[in-house]
Each structure stands twice: as structure tokens, then as C-alpha cells.
Amino acid sequence: MNFDPAITAQKALAQAYVQDDLGDFQEEIEETEDTFSSGTGSEAARAYETLLAIGESLPDAQAFQEFLIFITWQQVTEETIPRHFQKGVQLTEQFLARFGPQVQGSDVYERIVAIRQSFKRGLGHRVESMQDEYDRDAFHGGD
């Protein structure tokens with residue numbers, strides 16, 4: 001990856017606030033993200049899980065879903081266990097399935113694909129080149 005996931009997560013969260021996609025969860029997200037960002041250990045892990053649960057209620061909040069992907073990488077670095085890598089793969093694949101055609105060719109798309117590769121590598125999966133994956137995943141139009 002040629003970007004910092006922590007900085008990218010903060011930018012995505014700021015974009016989620018701008019897009020006003022957080023609805024009634026905005027205050028809870030602010031408080032929980034503060035705990036996640038400033039805490040460590042079990043307190044930060046609980047905050048991470050809470051943010052994921054909120055994300056399940058906001059599947060159409062694109063920027064917030066990006067945020068969840070990038071904080072999952074932060075969680076991987078805090079606690080390097082398969083479950084976090086698996087969650088990262090799941091979140092990136094859900095994101096690409098839902099938003100891929102809309103963001104294809106953008107920096108967002110490239111970062112999501114790059115971090116998905118990193119999550120997969122963490123699980124020991126063979127990962128194709130980014131160009132091969134992009135070509136395979138490319139939206140070709142039609143039904």
C-alpha cells in the first residue's frame with residue numbers, strides 16, 4: 001500500500017460527516033471513534049466492534065464503509081489475528097460489490113483494492129497483480 005490507512009480512515013470519516021450519511025448514529029460514531037482512536041487494548045477493541053455494528057445499519061453510507069475498512073487495518077496492526085484479516089476481506093468485497101461501479105478508476109477504488117490485497121496476503125492467499133484484479137473486476141456494462 002502506498003497510503004496510510006489511519007489517515008485515509010480519518011478522511012473517509014470526515015467525508016461521511018460532510019455527506020450527512022450517518023443519520024441518528026452521528027453522535028455515537030463520534031464518541032466511539034474517539035475511544036477507538038485514543039484507546040488501546042480491550043477498550044479500543046470494543047469501540048471497533050461497536051463501529052462495525054453501526055456500519056451494518058448504514059450499508060449505503062459509502063464513506064463510512066470506507067472508514068470501517070481502513071480502521072480494520074488499524075485493528076490488524078493492533079491485534080494481528082486471522083479474524084481481523086477475514087473481516088477486512090469481507091468489508092472490501094462488500095464495498096466493491098455495492099460501490100465498485102461508482103468508484104471504479106478513482107483513488108478510492110485503488111485504495112480499496114490495495115488494502116484487500118493486503119488483507120488477503122495476511123491470510124496467506126496468493127494475490128494477483130492489481131492490474132489483473134482490476135481487469136477481472138472491471139464493470140463491463142450490460143446485464
Side-chain angles (χ1 to χ4, degrees), residues 1-140:
M1 291 182 291
N2 60 356
F3 60 92
D4 182 329
I7 292 170
T8 305
Q10 290 305 307
K11 288 179 180 180
L13 185 57
Q15 186 63 32
Y17 290 127
V18 168
Q19 293 173 349
D20 199 26
D21 287 342
L22 306 177
D24 295 338
F25 294 103
Q26 185 166 337
E27 187 175 314
E28 182 179 6
I29 289 168
E30 287 175 13
E31 293 170 7
T32 307
E33 192 282 328
D34 184 54
T35 300
F36 175 77
S37 293
S38 62
T40 60
S42 62
E43 183 180 29
R46 281 191 302 278
Y48 168 72
E49 295 297 332
T50 299
L51 290 166
L52 288 177
I54 293 169
E56 290 177 14
S57 298
L58 298 170
D60 295 323
Q62 178 184 328
F64 189 69
Q65 294 301 317
E66 290 173 44
F67 166 75
L68 294 175
I69 290 166
F70 297 116
I71 67 166
T72 297
W73 186 259
Q74 291 176 255
Q75 195 63 21
V76 161
T77 62
E78 178 72 24
E79 184 181 33
T80 308
I81 59 174
R83 180 170 55 94
H84 296 314
F85 287 102
Q86 291 163 345
K87 186 58 153 178
V89 170
Q90 175 193 359
L91 289 171
T92 57
E93 289 180 353
Q94 287 173 344
F95 182 91
L96 291 171
R98 176 172 245 113
F99 305 110
Q102 299 162 1
V103 298
Q104 196 165 36
S106 69
D107 288 342
V108 168
Y109 184 85
E110 289 181 23
R111 287 183 181 131
I112 298 295
V113 169
I115 203 164
R116 180 176 62 169
Q117 288 177 322
S118 295
F119 287 128
K120 286 183 173 185
R121 281 189 192 109
L123 292 169
H125 296 173
R126 179 191 162 305
V127 179
E128 301 169 9
S129 75
M130 189 169 173
Q131 185 61 45
D132 291 342
E133 191 163 4
Y134 178 84
D135 290 343
R136 189 184 70 248
D137 288 346
F139 181 71
H140 296 289

J.: With heavy-atom distances below 4.5 Å as the criterion, would you say the side chains of F119 and V76 are in contact?
T.: yes
J.: Which pair of non-hydrogen atoms, one from W73 and one from P5, has the smallest distance, and what is that distance?
T.: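 Looking at all heavy atoms of both residues, the closest pair is CD1-CG, 3.5 Å.
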J.: For the pair R83 and E49, find out whether any cationic side-chain nitrogen is under 4.0 Å from an anionic carboxylate oxygen.
T.: yes
J.: Let me confirm one number: the NZ-CD1 distance from K87 to I69, rounded to the nearest 0.5 Å.
T.: 11.0 Å
J.: Decide yes or no for Q90 and Q94: does some side-chain heavy atom of the first lie under 4.5 Å from some side-chain heavy atom of the second?
T.: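 Result yes, sub-4.5 Å side-chain heavy-atom pair found.
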J.: Rounded to the nearest 0.5 Å, how far does CD1 of I71 lie from CG of L13?
T.: 8.5 Å
J.: State the CD-CD1 distance between E33 and I54, to the nearest 0.5 angstrom.
T.: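 If we round to the nearest 0.5 Å, E33:CD and I54:CD1 are 11.0 Å apart.
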J.: Over all heavy atoms of both residues, which pair between I29 and Y17 is shortest? Give the atoms and the distance, please.
T.: CG2-OH, 3.8 Å
J.: Looking only at non-hydrogen atoms, find the nearest pair between F25 and S57 and report the distance.
T.: CZ-CB, 3.7 Å
J.: For a quick test of reading the model, state the closest non-hydrogen atom pair linking Q74 to A9 and the distance between them.
T.: OE1-CB, 3.8 Å
J.: Which heavy atom in E66 sits nearest to a heavy atom in A12, and how many Å separate them?
T.: CB-CB, 3.9 Å
J.: I want to check something: taking the side chain as every heavy atom from C-beta on, are L58 and D21 in contact at a cut-off of under 4.5 Å?
T.: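 Not touching, per the 4.5 Å side-chain cut-off.
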J.: Can you confirm whether L96 sits close enough to V113 that some side-chain heavy atom of one is under 4.5 Å from a side-chain heavy atom of the other?
T.: yes
J.: Working to the nearest 0.5 Å, report the span between OH of Y109 and CZ of F95.
T.: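 So the OH of Y109 and the CZ of F95 are separated by 10.5 Å.
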J.: Is there a side-chain contact between Y48 and E78 in this structure, where contact means two heavy atoms from C-beta onward sitting under 4.5 Å apart?
T.: no
J.: Report yes or no: does Q65 contribute a side-chain atom to a donor-acceptor pair with the main-chain N or O of G55 at less than 3.5 Å?
T.: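 Answer holds: yes.
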J.: Measure the CD-CG distance between Q75 and L68 for me, rounded to the nearest 0.5 Å.
T.: 12.0 Å
J.: Would a distance-only check, ignoring hydrogens and angles, find a side-chain to backbone donor-acceptor pair under 3.5 Å from T92 to V89?
T.: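 Checked: pair present.
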J.: Could you check if a side-chain atom of D107 sits within less than 4.5 angstrom of a side-chain atom of F3, using non-hydrogen atoms only?
T.: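 Counting from C-beta outward, D107 and F3 never come under 4.5 Å.
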J.: Given side chains that start at C-beta, do those of Q26 and D20 come closer than 4.5 Å, heavy atoms only?
T.: yes
J.: Rounded to the nearest 0.5 Å, how far does OG1 of T35 lie from CD of E30?
T.: 12.0 Å
J.: Taking only Lys NZ, Arg NE, NH1 and NH2, and the carboxylate oxygens of Asp or Glu, determine whether K120 and E93 approach each other closer than 4.0 Å.
T.: yes
J.: With heavy-atom distances below 4.5 Å as the criterion, would you say the side chains of D4 and F70 are in contact?
T.: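 Not touching, per the 4.5 Å side-chain cut-off.
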J.: Can you establish whether the number of heavy atoms outside D24 located under 6.0 Å from its atom CG is more than 12?
T.: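 Count not over threshold, so no.
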